[in-house]
Amino acid sequence: ELTDKLDLIFKNLKGHGKLSEKNVADSLKEVRRVLLEADVNYKVAKVFINAVQQRALGQKVLRSVTPGQQIVKIIHDELTNIMGKSEAPVTISGSPSIIMLTGLQGSGKTTLAGKLGLFFAKRGHKPVLAAADTYRPAAMRQLEVVGQKVSIPVVLDPAKKALDICQNAIKYCRKNGHDLVIFDTAGRLHIDKQMMDELLQIKKKTKPQEILYVADGMTGQDAVNTAREFLNWLDFDGVVLTKMDGDARGGAALSVRMVTDKPIKFISTGEKFDALEKFHPQRMASRILG
Amino acid sequence: IRSQQDINDDLFDSLEEIMISGDLGVDFSLKLIEDVRKKVDELGIKKSENIVRFIKSAMVKTLNSNCQSSVSDPGALLKSEIKPYVLMIVGVNGTGKTTSIGKLAAMYKKTGKTVLLSAADTFRAAALEQLEIWAERAQVEIIRNQPGADPASVAFDSLKAAISRNVDVLIVDTAGRLHTKSNLMEELKKIRRVLAKLLLEAPHETLLIMDATTGQNGLNQARQFAQAVGVTGIVLTKLDGTARGGIVFSIVKELGIPVKFIGIGEKLEDLEAFNANDFVEALFA
Ligand SMILES: Nc1nc2c(ncn2[C@@H]2O[C@H](COP(=O)(O)OP(=O)(O)OP(=O)(O)O)[C@@H](O)[C@H]2O)c(=O)[nH]1
Ligand SMILES: Nc1nc2c(ncn2[C@@H]2O[C@H](COP(=O)(O)OP(=O)(O)OP(=O)(O)O)[C@@H](O)[C@H]2O)c(=O)[nH]1
Ligand SMILES: [Mg+2]
Ligand SMILES: [Mg+2]
C-alpha cells in the first residue's frame, strides 16, 4: 500500500514543520517505482514526478494526516487533474455525424463499434456501422454479427476499398434517415506508412466529427510511441481504453494523456456490448497507484 | 577527469532506461543491473562496450535458461512417436491466437506433417469463419460446430477426428479470455480435461499467445494461465511493431516457461522460431 511505504520514509517527521527536500525526494523515488510498475512510460513518469516535486516541496505538514497520506493525496490529485482536464464528450453534429475508430491490431475496435452504436442508440440516435476493415479474415462478417447483436445496420462490401465503404455508409445514412455512422477500420501498425495513409485519406475525404484512438488497457511502455504516431497522422479527438475489466493497472492512460493531451472518452470493461463506461479520472488515478 | 565510477553510473542509468522502456519491469531490471555491477567489479571489466556485451550475454542466458537450445526447433515440438500431437492455444483477448494457429499450421504442413484445426472458440463473433479462412490459406482441414456450441465438446470431437484420421498435429483454438475471469478459466480447464480423457497426455503443448505490447500485466497473465492449465511455451506476437516484449524475461525467470515462437506480421509466413540473441539485440537497437 503506497501510503504505508511512504509513511516508513517519513517515520521521523513530526506533525509540524515543512516537507523537506530529502523527504520529498525519497518518497518520490518510491512513487516513481509504483508508476513504472503500473506501466506508466519511463519518460512520462520522470516528467510527472518533477511536476509533483514542485508541488510537494515546502508544503506545511498537516496534522490531520500522515506525511505519507499527504504525499499520496498530492500525487492522486495531480494524476486526476492531468487525466481529467478538458473532458469532452463525443462530438455529434453532422448529417450523418461520423465517428472513426482507429488503433493497433486487436485493441478492441470492432467490438467497440457495437458498443458505441448501442450507447448512442439508447440516447435517441439512429446509428449505422461501416465495415471498413478489408484485410482481416472474416472482419466484415464479425461486424455483421456485432450489428445483429445490437440491432444496428451494417454497411459492408467485400469487393470495395475502405474509403468506398465509408462513403457508401454515409450515403446509406442520408438515404435512410440515420444520423450517425461509426467506421470500423482495420488494426494497423503506426509505422506502416501505407496503412496510416489509408486512414488519413478516409479522414480527408469524409471529415469525421470524431476520431477515436482505441488502445488496449494493458499496453506497456510502447503506448506513447503508438499514440504519438497516430496523433501525428490523424490528430485524433479522443482515446478509448479497452479491456479494463482485467487487472492491468492502466498506466498507459497517463502516458497517452501526457503525450497526446487528448481526453480519454470511454473505457471498455468487458466483451458484452453494454460494457462501456465514461472515463473517471479519479478512479483511474487510484487504479494506477494501486 | 570523471571517475570510472561516474562513467559506469551513467552507463547503468542508460541501461536501466533501455530495460524499463523495453517492458522488462523495474524489479527484473534493477536486479539484473545489481548482479551485473557486482560481476563487472569482480571481473574488473572496465570498458563500456565490454560491460554492455556482458549484460547482453546475461540476458541471453536468462532467456535460454529453460530451453534446450537458443533457437526453438519446430521439429522438436513434434516428438514423432506421439500422434496426434495436440497443441492447445490460449491467451487473453486479441493477442493473435487465431492468426498464430494459421501460421503454425502452415509451418507444420511445410515439414510434411498432416494438420487438423479445431475451432473451439464458439463464443466470439465470426471466430469460426476467421479460423476457416486460415485453414483454407494453410491448406489444412478444420473441425467446427455452431456458434454457441460447448467449446469442450468441439475440442473432443476434433481430437476424435484427429485420431480416426491419423493426423500428425491437432491445434485447438480457444476464445480469448482475461485470466481474472474465473468462470472462463474453469472453461479452459474443462477443455483440457476433456482432451486428456480421450488421449492421456493431451494436450502435449499449451502455448500462451502474448502480445508484445503488453506491459507488466503479462506476468500475471502467464502466472494465471500456467496455474490453470499449465503452459509449455509462449508465442510472442506483433514484434513487427515497436514494442520489445521485455515482459518475457520475468516470465522465463519466474515461471520457467520458454518463448518458442515470435509473430512478426499478419501473413501466413510471419512466424519465426524464437532466437534469444536476436531478441536481446533488438532490445538494444
Ligand atoms: N475482456 C474484454 N475483452 C474485450 C474488450 N473489448 C474487446 N474485447 C475482446 O478483445 C478481442 C479483440 O476485439 P476486436 O474487437 O476484434 O479487436 P479489433 O481492434 O477490432 O481487432 P483488429 O480488427 O484485428 O485490429 C475480442 O476477443 C473481443 O471480444 C473489453 O473491454 N474487455
Ligand atoms: N502486426 C501483427 N499483427 C498481428 C500479429 N499476430 C496477429 N496479429 C493481428 O492481431 C489481430 C488479432 O488477431 P487474432 O488472431 O484475431 O487474435 P486472437 O487472440 O485470436 O483474438 P481473440 O480470439 O478475439 O481473443 C488481427 O488483426 C491479426 O491480424 C503479428 O505478429 N503482427
Ligand atoms: Mg476489428
Ligand atoms: Mg481468436
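Residue numbers begin at 1 in each chain, while the letters A, B, ... track the order of the sequences.
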Is it the side chain or the backbone of N93(B) that comes within 4.5 Å of chain A heavy atoms, both, or neither? both
With only heavy atoms counted, which part of R137(B) is less than 4.5 Å from chain A, the side chain, the backbone, both or neither? side chain
So CG of N41(A) and OG of S21(B): to nearest 0.5 Å the spacing works out to 6.5 Å
Let me confirm one number: the CD-CG distance from E271(A) to L178(B), rounded to the nearest 0.5 Å. 7.0 Å
Smallest heavy-atom separation, Y42(A) atom then I20(B) atom, equals CD1-CG2, 3.6 Å
For chain B, which residues from residues 189-197 of chain A lie under 4.5 Å away (heavy-atom distances)? L189(A), H190(A), I191(A)
If you compare all heavy atoms of A125(B) against all heavy atoms of Q142(A), which two are closest, and at what distance to 0.1 Å? O-CG, 3.4 Å
Which portion of R32(A) sits near chain B, non-hydrogen atoms under 4.5 angstrom: side chain
Is atom NZ of K189(B) surrounded by more than 12 heavy atoms (other residues, nucleotides or ligands) closer than 6.0 Å? yes
Heavy-atom pairs under 4.5 Å with chain A: which of T213(B), I133(B), D23(B) has the most? D23(B)
With chain A, which of D211(B), T95(B), T242(B) has the greatest number of heavy-atom pairs at distances under 4.5 Å? T242(B)
Please state whether the side chain, the backbone, both or neither of R249(A) comes within less than 4.5 Å of a heavy atom of chain B. neither
If you tally heavy-atom pairs under 4.5 Å between each of E229(A), K43(A), R141(A), M218(A) and chain B, the highest tally belongs to M218(A)
Could you state the interatomic distance from NZ (K243(A)) to OG1 (T180(B)), rounded to the nearest 0.5 Å? 12.5 Å
Contact origin within L131(B) toward chain A - heavy atom pairs under 4.5 Å: neither
Under a 4.5 Å heavy-atom cutoff, which of Q221(B), R124(B), E132(B) has the most pairs with chain A? R124(B)
What is the minimum heavy-atom distance between K238(B) and Q105(A), and which atoms define it? NZ-O, 3.1 Å
Could you verify whether a donor N or O on one side chain and an acceptor N or O on the other, from D247(A) and N220(B), lie under 3.5 Å apart? yes
For each of Q221(A), E144(A), Q148(A), tally heavy-atom pairs with chain B at distances under 4.5 Å, and name the one with the top tally. Q221(A)
Count the heavy-atom pairs under 4.5 Å between each of D39(A), T111(A), V145(A) and chain B, then report the option with the highest count. D39(A)
Quick check on E254(B): does its CD atom have over 12 non-hydrogen neighbours (other residues, nucleotides or ligands) under 6.0 Å away? yes
For the atom pair CG (D27(B)) and CD (E37(A)), what is the distance rounded to the nearest 0.5 Å? 5.5 Å
Side chain / backbone / both / neither for E266(B) at chain A, heavy atoms under 4.5 Å: side chain
Could you measure the distance from the CZ atom of R33(A) to the CG atom of L30(B)? Nearest 0.5 Å is fine. 5.5 Å
Test salt bridge (Lys or Arg N to Asp or Glu O under 4.0 Å) on D245(A) and K181(B) and set out the steps. CA-CA 9 Å; D245(A) 43 321; K181(B) 311 239 159 130; 2.4 Å; yes
Which heavy atom of Q130(B) sits nearest a heavy atom of A138(A), and at what distance? N-CB, 3.6 Å
